[in-house]
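A, B, ... follow the sequence lines: proteins, then strands. Residue 1 opens every chain. Please read all numbers here as calculations on a predicted model, not as lab measurements.
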Number of protein chains: 2
Amino acid sequence: MIESDIFKALADPTRYAIFEKLAAGSMNASALREGMTISQPAMSQHLAVLRNAGLVREERQGRFVNYEVDPEGLALIARWLAKYRAYWPSRVDALKSLLKDMDQ
Amino acid sequence: MIESDIFKALADPTRYAIFEKLAAGSMNASALREGMTISQPAMSQHLAVLRNAGLVREERQGRFVNYEVDPEGLALIARWLAKYRAYWPSRVDALKSLLKDMDQ
DNA sequence: CGATGACATAAGCATACACTTATGTGATGC
DNA sequence: GCATCACATAAGTGTATGCTTATGTCATCG
């Protein structure tokens with residue numbers, strides 16, 4: 001996976017909204033569609049992109065497929081962000097030392 | 001600016017590479033092109049996108065325009081990431097309390 | 001068993017977008 | 001002045017991608 005792929009997954013406003021909704025609580029694909037004007041295949045395709053990016057993971061539950069935020073994707077972004085800590089504004093300087101611990 | 005715009009700016013591999021290069025040290029548009037097979041207008045357009053996303057800022061220096069990483073863009077991503085700290089893996093749990101300080 | 005429901009995949013289409021060539025703008029130097 | 005350099009903008013083009021409709025797959029239920 002190219003590093004820009006995870007950003008590409010979040011670049012689409014619809015996909016971004018889906019991720020935000022999932023972050024508020026895990027649910028299945030049908031529940032995700034509620035309140036959004038989006039077709040079933042479109043939702044399925046977006047979820048596949050988010051899953052391939054490591055931002056979301058799925059779990060079969062009978063006929064339903066439950067989706068939830070995958071911490072690994074967020075960790076990837078966190079590690080990416082840590083690379084540029086030299087440029088962070090001073091008011092978050094306190095983070096510098098702790099992010100160092102994340103670098104393995 | 002829609003929140004997904006900053007991710008859209010980093011979604012393109014070429015633009016991502018430009019940002020990474022700038023993070024290694026500020027330089028002008030011509031210097032950025034060295035080592036990359038990219039036309040001058042393409043570079044200019046990419047830099048405009050990165051600037052509009054708040055990831056990069058410019059400073060006129062005579063005929064040259066010096067570009068550098070804009071900490072505001074990274075801070076935006078950091079604040080975004082902080083919203084989902086509930087999902088971060090346990091090994092970065094130590095970050096939780098500090099990121100709370102960033103929430104204004 | 002067949003019917004239905006939840007979701008995935010296929011194929012086609014329309015728009016977005018990253019590129020190109022050409023031209024414009026603004027600063028330095030002769 | 002005008003030639004040149006560094007960069008921005010305009011306009012056009014090909015491809016990527018997000019959508020659609022149609023169909024496939026898999027599990028539950030009667």
Inset, instruction - Grab the CG-P distance between Asn52(A) and dG18(D) for me, whole Å please. - result: 13 Å

Inset, instruction - Please state whether the phosphate of dA8(C), meaning OP1 or OP2, lies under 4.0 angstrom from any side-chain nitrogen or oxygen of Tyr67(A). - result: yes

Legend entry - Earlier contact from the 5' end, DNA chain C, for Val65(A) and Gln45(A): Val65(A)

Inset, instruction - Would you mind telling me which of dG18(D), dT21(C), dA8(D) lies closest to the side-chain atoms of Ser39(B)? - result: dT21(C)

Legend entry - Nearest-Å distance for atom pair CE/C1', residues Met36(A) and dC19(D): 13 Å

Legend entry - Rounded distance in Å - CG (Leu32(B)) to P (dA6(D)): 14 Å

Inset, instruction - For Asn66(A) and dA6(C), give me the distance from atom CG to atom P, rounded to whole Å. - result: 14 Å

Legend entry - Residue mapping more 5' on DNA chain D - nearest nucleotide basis, Thr14(A) or Ser30(B): Ser30(B)

Inset, instruction - State whether Tyr16(A) places a side-chain N or O below 4.0 Å from either non-bridging phosphate oxygen (OP1 or OP2) of dG18(D). - result: no

Inset, instruction - Grab the CG-P distance between Leu47(B) and dA6(D) for me, whole Å please. - result: 15 Å

Inset, instruction - Indicate yes or no for a side-chain donor-acceptor contact from Arg15(B) to the backbone of His46(B) under 3.5 Å, with no hydrogens or angles considered. - result: no

Legend entry - Of the listed nucleotides dG26(C), dG5(C), dC7(D), the one nearest the side chain of Ser44(B): dC7(D)

Legend entry - Listed nucleotide nearest any side-chain atom of Glu58(A), set dT20(D), dA8(D), dA8(C): dA8(C)

Inset, instruction - Determine: side-chain N/O of Lys8(B) to OP1/OP2 of dC17(C), distance under 4.0 Å, yes or no. - result: yes

Legend entry - Salt bridge present between Arg57(B) and Glu72(B) (N-O < 4.0 angstrom): no

Inset, instruction - Ignoring hydrogens and angles, tell me if any N or O in the side chain of Arg85(A) forms a donor-acceptor pair with the backbone of Ala82(A) under 3.5 Å. - result: yes

Legend entry - Separation of dA18(C) C1' from Ile18(B) CD1 (nearest whole Å): 11 Å

Inset, instruction - Let me know, please, whether Phe64(B) or Pro41(A) comes out on the 5' side of the other along DNA chain D by nearest nucleotide. - result: Phe64(B)

Inset, instruction - Could you grab the distance from atom CG of Leu32(B) to atom CZ of Phe19(B), nearest 0.5 Å is fine? - result: 12.0 Å

Legend entry - Residue pair Leu22(A) / Met27(A): nearest heavy atoms and the distance that separates them: CD2-N, 3.8 Å

Inset, instruction - Ignoring backbone atoms, test whether Arg15(B) places a side-chain nitrogen or oxygen under 4.0 Å from the OP1 or OP2 oxygen of dA18(C). - result: yes

Inset, instruction - Rounded off to whole Å, could you give me the CG-to-P distance for the Asp12(A) and dG18(D) pair? - result: 5 Å

Inset, instruction - Can you tell me the distance, in whole Å, between the CD atom of Gln61(B) and the C1' atom of dC5(D)? - result: 16 Å

